[in-house]
Asker: 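This is the structure, below, for whatever I ask next.
Per chain, numbering begins at 1; letters A, B, ... match sequence-line order. All heavy atoms count here, side chains included; hydrogens, waters and symmetry mates do not.
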Protein chains: 2
Amino acid sequence: MIDLEQLHDCYVTTSSKIVLLVVDGLGGLPHPDTGRSELETANLPNLDAMARESACGVTTPVLPGVAPGSGPGHLALFGYDPLKYIIGRGALEALGIDVELRSGDVAARGNFCTVDGDGNLVDRRAGRIPTEFSAPLCKRLDTIELPGVQLDVFPVQDYRFVLRLRGEGLSEAITETDPQITGVPALPVKSLDAAAEKTAALINDFVAQAGNLLAEEERGNMVLLRGWAQLPSLPPMGQIYRINPAGIAAYPMYRGLATVANMRIIPTGHTFSDEVDTLHEEFENHDFFFIHYKPADAAGEDGDFEAKVQALEDLDPLIPRIRELNPDVFMVAGDHSTPAIMAAHSWHPVPFMLHSKLNRGEGVPGFDERACNTGSIGSIPATYVMLLAMSHAGKLTKYGP
Amino acid sequence: MIDLEQLHDCYVTTSSKIVLLVVDGLGGLPHPDTGRSELETANLPNLDAMARESACGVTTPVLPGVAPGSGPGHLALFGYDPLKYIIGRGALEALGIDVELRSGDVAARGNFCTVDGDGNLVDRRAGRIPTEFSAPLCKRLDTIELPGVQLDVFPVQDYRFVLRLRGEGLSEAITETDPQITGVPALPVKSLDAAAEKTAALINDFVAQAGNLLAEEERGNMVLLRGWAQLPSLPPMGQIYRINPAGIAAYPMYRGLATVANMRIIPTGHTFSDEVDTLHEEFENHDFFFIHYKPADAAGEDGDFEAKVQALEDLDPLIPRIRELNPDVFMVAGDHSTPAIMAAHSWHPVPFMLHSKLNRGEGVPGFDERACNTGSIGSIPATYVMLLAMSHAGKLTKYGP
C-alpha cells in the first residue's frame, strides 16, 4: 500500500507511462435468464483482445464481502488503505458538485426540511422541493455571517445542499442535527471533543440564523445538517511514488477524488470520448493518468441490465484510441462491482487487466468476471494495483538485497 | 507467519520429514516467439509427474508487484515477514562470501576507489581493479587496529570488499561514505542516533587510517563504505516450529540466509548433485531440510532463456533422488521469479508444489506458472508455505478448541 515505508526507497522516476482506466461499477452478476453477466453478454472485441495479451485478475476494493462507496473504491485503486483513510459524506457531497475543499475545511450535507409552529419536524425533505425553489434559499443562507470563518452554501439537487466552513481550528467532531424521525425538533449540534466546541457553537448559530431567514417559507422553513467531514490527510500520490499524476474525469466527484490523492486535474469535456481526447493532448505532460468511465455504474445502479451492457459496448471502441498511445502500462479496473440485478454497489471481486510488455500471452480468453478469475494475477486487494503498475512500468525496483 | 504467537502451542515435534527445495528464480515469463515460459518449454518429466500428485499453487514473496532480493525471497519461504525482518546490503554481502556474522556485528560493503591530490573522487570503483590487485590491499586494511573492537576486511571480487566490525555496542545506524558522484571527496560517516556515535567515530578512524595505508596506490588509493548492516534478530526457526532444521546449499549466500534463520548448515560440495548426496547422508539427522538450487536464477539473470530451460532440465533428473527418500512433505518452491526476458528478479507469482500423502491427485497436469495457478493451494503469500508444510507433516495441530 502507498504508505508502506519499507518500499519508499524502491520507487524511481522514469519516463514510462501508466494509464489507469477506472470503469465505474465494472463487475456484475449473471442475468437470471441467460446465466451471463453484463461483461459476458456484451460484445467487446477490443477489451477481449486486450485481455488475451494482458495479465488478468480480480480486485477486492476493501475486504471480501464489503461493498464500497465511490470514495473507498477509488482510494483503494490509488493505493490508499480505504479502512484507514475515510472521506466523509459531507466531503464527498462537496466533491460531487465541484466544490473545492481545502485541508481544514468542514463540509456537511444539508437538507431543507419543514417544521410546524412548535419547531417539530413535519417533513425531513421539505416535500422534496425542486432545485428551482431550493437554489434561491441557498443564496439566502449564503448571506449568513459567522465570526471568524468563511461560510458558503451550495445547492446540490432538490432539497439537498452543501454547507462549507473555512477557517482556523474547525473540526468535524460534532453531532448531526437530523433526528431521522418526524414529530420532534431538529437536534442541537454537540461537540464530540473539546477541540470541536468552537465549531459546534458556530453551527448552532448558523442553524438559528437559518431558521429566522427561512421562517416564512411554506415547505423549506428549516435545515438539517449531517455528514460533517474534513478531508483525510493523504500522503500525496506523486510524492510517494515519485510520479507526476493527472486525473481526467467528466464527473466532478471523480475529479474530487483525484484531487484528494493530489493528482493534477486536467479539464475535459462531458463524455468519455472527450476524456480520451484530453489524454491524447496531455500524454507527454504526465507519467500517470487516471481516466474515469461513469456510464457502466449509472446503468447498474438503475438496475438496467441492457443499459449496462450497452455502456460497456460504448466503451469498447475507445479502447484502441487509448492503446494507440502505447502506454507502458495500461490497466482496466473498476472501483467496485455494480450488478444490474442488484441495482447497487456490491462486494463482488472486480475484473482487472494489466497490459505491459512483461505479460505477453499470459492472459485469459476474454474480459469478464469468470475469465479474469483464472488469470495470472489472481485475486488481490485493490490497494496492490499501484504496486503492480509501478513494477511493470519499471518505476518500482527490487526490494531488499 | 513464523511469529504468529497464537499458533505457538499448536506445533508438535514428530519424526516426520520435510524437504523444502528452493529453485532460485524459479518463475518465468513466456518467450515472445513461442508464448511459452521457461518451465513450459523445458522437458521436465519428473517435476511434471510430481505436480500431478501434489497440491499446487503460486506464492507471492513480498506483495503483488514487489520484486524481492534473495534475502526477502528466502526469509518469506522460511516463514518470516520480509517487510519486518530486513537483511541489509552489507550483511548479505558478508553472507555471500561465507563471512560469519554474529548478532551485534556490523558489516559494510566496501569499494576501493581513486581520489586525486585534493582528495576528490576520480573513479568510485578504482578502475575496477581485479581481485589479484585488491586482495593484497584488503590484507593491508586488515592490519588496521581500532580501540575495543575486532576489525576484519575480506576481499569479495575486483574492487569490492567486506568490512566487518565485532564488539560491544556497535550500531548500523550510520551514514554511508559514498557520495555516488565523482569530483567531490568521500563523505564522513555520521551517526543517525546517539547510540551510533561510537561506531561512527570508529569508522571515520578506519577511513583515515585506510587513506594513509593506500596513499601510494595508483588506483585503489581510498575506500568507500556503504550498506551498513547488522543481522536482524529473528526468532529461531527450530524453536518456533519445534523442528531441527538443516540447510544444504552450494552457494555461500544461501548458507548465510539459512544461518540467519538458525538452521544448522551441513557442509556440501559445489553442485546440486553434491547437495542431494548430502541430503541422503544426513536424512536421519534432521526433520526439516532446506536445499537450494542456484543455476535457474543465474541463467535468468543473464537473460539467457535457453540456459534457464537447460538449468531446469538439469534439475529434473535429480528430483527422483530426493523422492526416493520418501520425505513426508516434499515442496518445490522459488524465492522469486527471474524471467529470462527481464534478466532480473521479478514480482510475478512463483510456482509451488507440495507433495504429501494428504494430496494425492489434487494437483495439476504439469509444473509451470499457468498450471500451478489453477492448483488447489491457489495464490498465497510465501510466508504461509511453512504452515502448509508443518500441517501436512503432522507437526501443526488444530488451532483453538
Asker: Counting heavy-atom pairs under 4.5 Å to chain B, which of A/L388, A/T374, A/I380, A/V385 comes out on top?
Answerer: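 Among A/L388, A/T374, A/I380, A/V385, the one with the most close pairs to chain B is A/L388.
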Asker: Which bit of B/H348 is near chain A, if near means a heavy-atom gap under 4.5 Å: side chain, backbone, both or neither?
Answerer: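 B/H348 touches chain A through side-chain heavy atoms alone.
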Asker: Under 4.5 Å heavy-atom distance to chain A, tell me which part of B/L83 shows up: side chain, backbone, both or neither.
Answerer: both
Asker: I'd like to know which of A/H392, A/M390, A/M386, A/Q6 tops the heavy-atom pair count under 4.5 Å against chain B.
Answerer: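 Top option by heavy-atom pairs under 4.5 Å: A/H392.
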Asker: Of all the heavy-atom pairs spanning A/P401 and B/P72, show the shortest one and how long it is.
Answerer: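 That would be O-CD, 3.7 Å.
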Asker: Heavy-atom distances under 4.5 Å only: say whether B/P349 touches chain A with side chain, backbone, both or neither.
Answerer: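 Contact with chain A is through the side chain of B/P349 alone.
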Asker: Is there a donor-acceptor contact under 3.5 Å from the side chain of A/Y399 to the main chain of B/L63?
Answerer: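 No, A/Y399 side chain to B/L63 backbone: no donor-acceptor pair under 3.5 Å.
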Asker: Looking only at atom types and distance, does a side-chain atom of B/N373 sit under 3.5 Å from a main-chain N or O of A/G375, one as donor and one as acceptor?
Answerer: yes
Asker: For atom CD of A/Q239, decide whether the heavy atoms of other residues, nucleotides or ligands shown that lie under 6.0 angstrom number more than 12.
Answerer: no
Asker: Quick one: CG on A/L387 to CH2 on B/W347, what's the gap to the nearest 0.5 Å?
Answerer: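 With rounding to 0.5 Å, CG (A/L387) is 11.5 Å from CH2 (B/W347).
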Asker: Under the side chain to side chain contact (heavy atoms under 4.5 Å, CB included) test against B/V66, which residue among A/T397, A/L7, A/L4 passes?
Answerer: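 When side chain to side chain contact (heavy atoms under 4.5 Å, CB included) is applied between B/V66 and each of A/T397, A/L7, A/L4, only A/L7 qualifies.
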